[in-house]
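Remarks on the structure that follows.
Values reported hereafter were calculated over all heavy atoms of this structure, with side chains retained and with hydrogens, waters and symmetry mates removed. Order of the sequence lines sets the chain letters (A, B, ...), proteins ahead of strands, with each chain counted from 1.
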2 protein chains.
Amino acid sequence: MYLRAISFLRRQGQDYVSSRDLADQLHLKSPQIRKDFSYFGAFGVKGIGYRVDTLIGRIREILKLSGTQKAALIGAGRLGKALALYPGFGLYGFEIVEIFDVSPKKIGKKIGNTKIQSIKHLGNLEKRGIRLAILAVPAEAAQETAERLVEGGVRGILNMAPCYITVPKRVRVQTIDIAMELGILPYYV
Amino acid sequence: MYLRAISFLRRQGQDYVSSRDLADQLHLKSPQIRKDFSYFGAFGVKGIGYRVDTLIGRIREILKLSGTQKAALIGAGRLGKALALYPGFGLYGFEIVEIFDVSPKKIGKKIGNTKIQSIKHLGNLEKRGIRLAILAVPAEAAQETAERLVEGGVRGILNMAPCYITVPKRVRVQTIDIAMELGILPYYV
DNA sequence: CAGTGCTTGTGTTCACATTCACAAGCACCA
DNA sequence: TGGTGCTTGTGAATGTGAACACAAGCACTG
Ligand SMILES: NC(=O)c1ccc[n+]([C@@H]2O[C@H](COP(=O)([O-])OP(=O)(O)OC[C@H]3O[C@@H](n4cnc5c(N)ncnc54)[C@H](O)[C@@H]3O)[C@@H](O)[C@H]2O)c1
Ligand SMILES: NC(=O)c1ccc[n+]([C@@H]2O[C@H](COP(=O)([O-])OP(=O)(O)OC[C@H]3O[C@@H](n4cnc5c(N)ncnc54)[C@H](O)[C@@H]3O)[C@@H](O)[C@H]2O)c1
């Protein structure tokens, strides 16, 4: 979240940012931000604030986002296609290098420059330097597909299907349930 | 989250569920679930658990999700199209009834049964019974578009653009930043 | 070079959410 | 009908994260 906000400031040409500025932009209180940063060492300048470049570098280091990371996309449906063409992953250094699907109609076709491969040819992703996967298959197939990913050596899964998936604890899953997020709104409205 | 899990159980024909079962499924502890439910009154049966139908009804009531709610979709790009055709909103009783875009190439075309209208014709959504909107426009246009939605009487916005938007405090915004969620994974991997 | 204004970093306080532990209560059975 | 086995609902304990308040420190100014 900080990375996104600070990257935005950099694009606008800002060199320094104070915890107060960030707090206003992110709708947080400023001590929150200073505490968060200070957990990872003191890299601000009293009286001035934090240097934007330094901050981006440190946060990328902390989150292990330095350099580029390869990711696989599973499921070339409507959402999968949107994700495959989404440039926003670049900010965090992600690149979708392989796409898989089960449907013969889709296998062999291309999304952008990337060919859709058969899920049967998933193989050992780890050996190809892929440790992350985005799961955009129907909920019914999510658990089964996740298990194949784990076999393939994947260490982190972004699950777009509206269900929980169970994996060995060395594997991290992050689930996004878009409809559920919308479901939160009426309560407050 | 509970609603999704319990709806899943109902589809499987289960009549009752205990806090322990739910806890296992959602990777939580069981007292958490009992506390959460008890804040809204006691509607379980000791020795048995919670009746699935009752639970779904109560949670829908609590979250103000009883009945159907109309929503507008702004931005008929790749993501917008996927969302417009996504059946998963139905679980929470949402229906996308209007779609808007700015591009002359898209206006007049249909996604499913819904015609894409010009954003100029947004008008008063409230009067048409629309209190929720899904924002799937480029980040640069998000703030400006959100303001038009607020003018149109929208009370809740699901923002898919990777940026914060500022709205009057009577309006609730829920932002989903998909790339950011993926960005969380490497830290743990 | 002392004074002013601003911002960081952090010990302490505070608030809240999670977890524990157990009494109360229902169902089933002998 | 009394006993057994579960499960709920909830006060109390615990843990965790947010907010506060302020000393320490940098920059700029006259
Ligand atoms: N469309 C949306 O806007 C949206 C929003 C939120 C969540 N989701 C979720 O994302 C997932 C995908 O949604 P979608 O709209 O793209 O669906 P879709 O039906 O358009 O696409 C699903 C794709 O997955 C492929 N597939 C099915 N089983 C597979 C398997 N075992 N291995 C590999 N590929 C397989 C299908 O061939 C298809 O191409 C679903 O779980 C859906 O609930 C979608
Ligand atoms: N594609 C994805 O998978 C993905 C993932 C995460 C987030 N997002 C975000 O969702 C948003 C949409 O992404 P997309 O991939 O669909 O982009 P897109 O470029 O395919 O579509 C954007 C659409 O918005 C329309 N638009 C532009 N300005 C508008 C305005 N002022 N009013 C109404 N409509 C307007 C455009 O005409 C276009 O049809 C972006 O903010 C993007 O960052 C997309």
Side-chain angles (χ1 to χ4, degrees), chain A residues 1-6 8-10 12-59 61-63 164 169 172 174-175 180-181 184 187-188, chain B residues 1-3 5-6 8-10 12-59 61-63 164 169 172-175 180-181 184 187-188:
Chain A
M1 193 174 73
Y2 291 146
L3 189 54
R4 179 182 63 198
I6 299 159
F8 178 76
L9 293 176
R10 178 156 72 172
Q12 298 201 323
Q14 198 168 324
D15 283 336
Y16 285 89
V17 64
S18 70
S19 58
R20 177 190 286 255
D21 288 349
L22 265 179
D24 290 347
Q25 199 179 321
L26 293 169
H27 306 121
L28 300 169
K29 307 279 168 123
S30 64
Q32 176 72 66
I33 288 166
R34 294 198 297 277
K35 257 263 154 66
D36 285 347
F37 291 169
S38 77
Y39 284 125
F40 297 96
F43 39 90
V45 185
K46 297 183 186 187
I48 300 294
Y50 300 87
R51 187 163 168 75
V52 168
D53 285 335
T54 318
L55 209 44
I56 292 179
R58 282 296 288 127
I59 295 176
E61 269 172 46
I62 291 162
L63 298 178
Y164 277 91
K169 62 175 176 302
R172 180 89 186 187
Q174 196 76 21
T175 297
M180 188 185 77
E181 302 286 330
I184 292 169
Y187 180 77
Y188 297 98
Chain B
M1 196 175 70
Y2 290 146
L3 189 54
I6 298 159
F8 177 75
L9 293 176
R10 177 157 70 173
Q12 297 201 323
Q14 198 168 324
D15 284 336
Y16 285 89
V17 64
S18 70
S19 57
R20 176 191 286 256
D21 289 349
L22 265 180
D24 291 346
Q25 199 179 321
L26 294 169
H27 306 120
L28 300 169
K29 307 277 169 126
S30 64
Q32 176 73 70
I33 288 166
R34 294 198 296 277
K35 256 259 153 68
D36 284 349
F37 291 170
S38 77
Y39 284 125
F40 297 96
F43 37 90
V45 185
K46 297 183 185 188
I48 299 295
Y50 300 87
R51 187 163 168 77
V52 168
D53 285 335
T54 318
L55 209 44
I56 292 179
R58 283 295 289 126
I59 295 175
E61 268 172 47
I62 292 162
L63 299 177
Y164 276 90
K169 63 174 176 300
R172 180 89 186 185
V173 177
Q174 197 75 21
T175 297
M180 189 185 77
E181 301 287 330
I184 292 169
Y187 179 77
Y188 297 97

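At the heavy-atom level, A/F37 lies nowhere under 4.0 Å from the strands shown. Contacts of B/S30 with the nucleic acid, taken as non-hydrogen atoms under 4.0 Å apart, are absent. Residue B/F43 is in sugar-phosphate contact alone, with no base atom involved, counting any heavy-atom pair closer than 4.0 Å across all strands shown.
Candidate nucleotides C/dC26, D/dA21, C/dT18 were compared by shortest atom distance to the side chain of B/V45, and C/dC26 ranks first. In the set D/dA19, D/dG9, D/dT7, D/dG9 carries the atom at the smallest distance from any side-chain atom of B/Y50.
Taking the nucleotide of DNA chain D with the nearest heavy atom to each of B/G49 and A/G47, the more 5' of the two is matched to B/G49. Nearest-nucleotide positions on DNA chain D place A/D36 closer to the 5' end than the other of A/I48 and A/D36.
The nearest whole Å value for the distance from the CZ atom in B/R34 to the P atom in D/dC6 is 15 Å. One atom, CG of B/L28, and another, C1' of C/dA17, lie 13 Å apart when rounded to the nearest Å.
Dashed line: the shortest gap from a side-chain N or O of B/S19 to OP1 or OP2 of D/dT8 is under 4.0 Å.
Side-chain atoms of B/K46 stay outside donor-acceptor range of the base of D/dG5, with no qualifying N/O pair under 3.5 Å. For C/dT19, the base has a donor-acceptor partner in the side chain of B/K35 [N/O atoms by modelled type, under 3.5 angstrom].
Taking 4.5 Å as the limit, some side-chain heavy atom of A/L28 sits within range of a side-chain heavy atom of A/M1.
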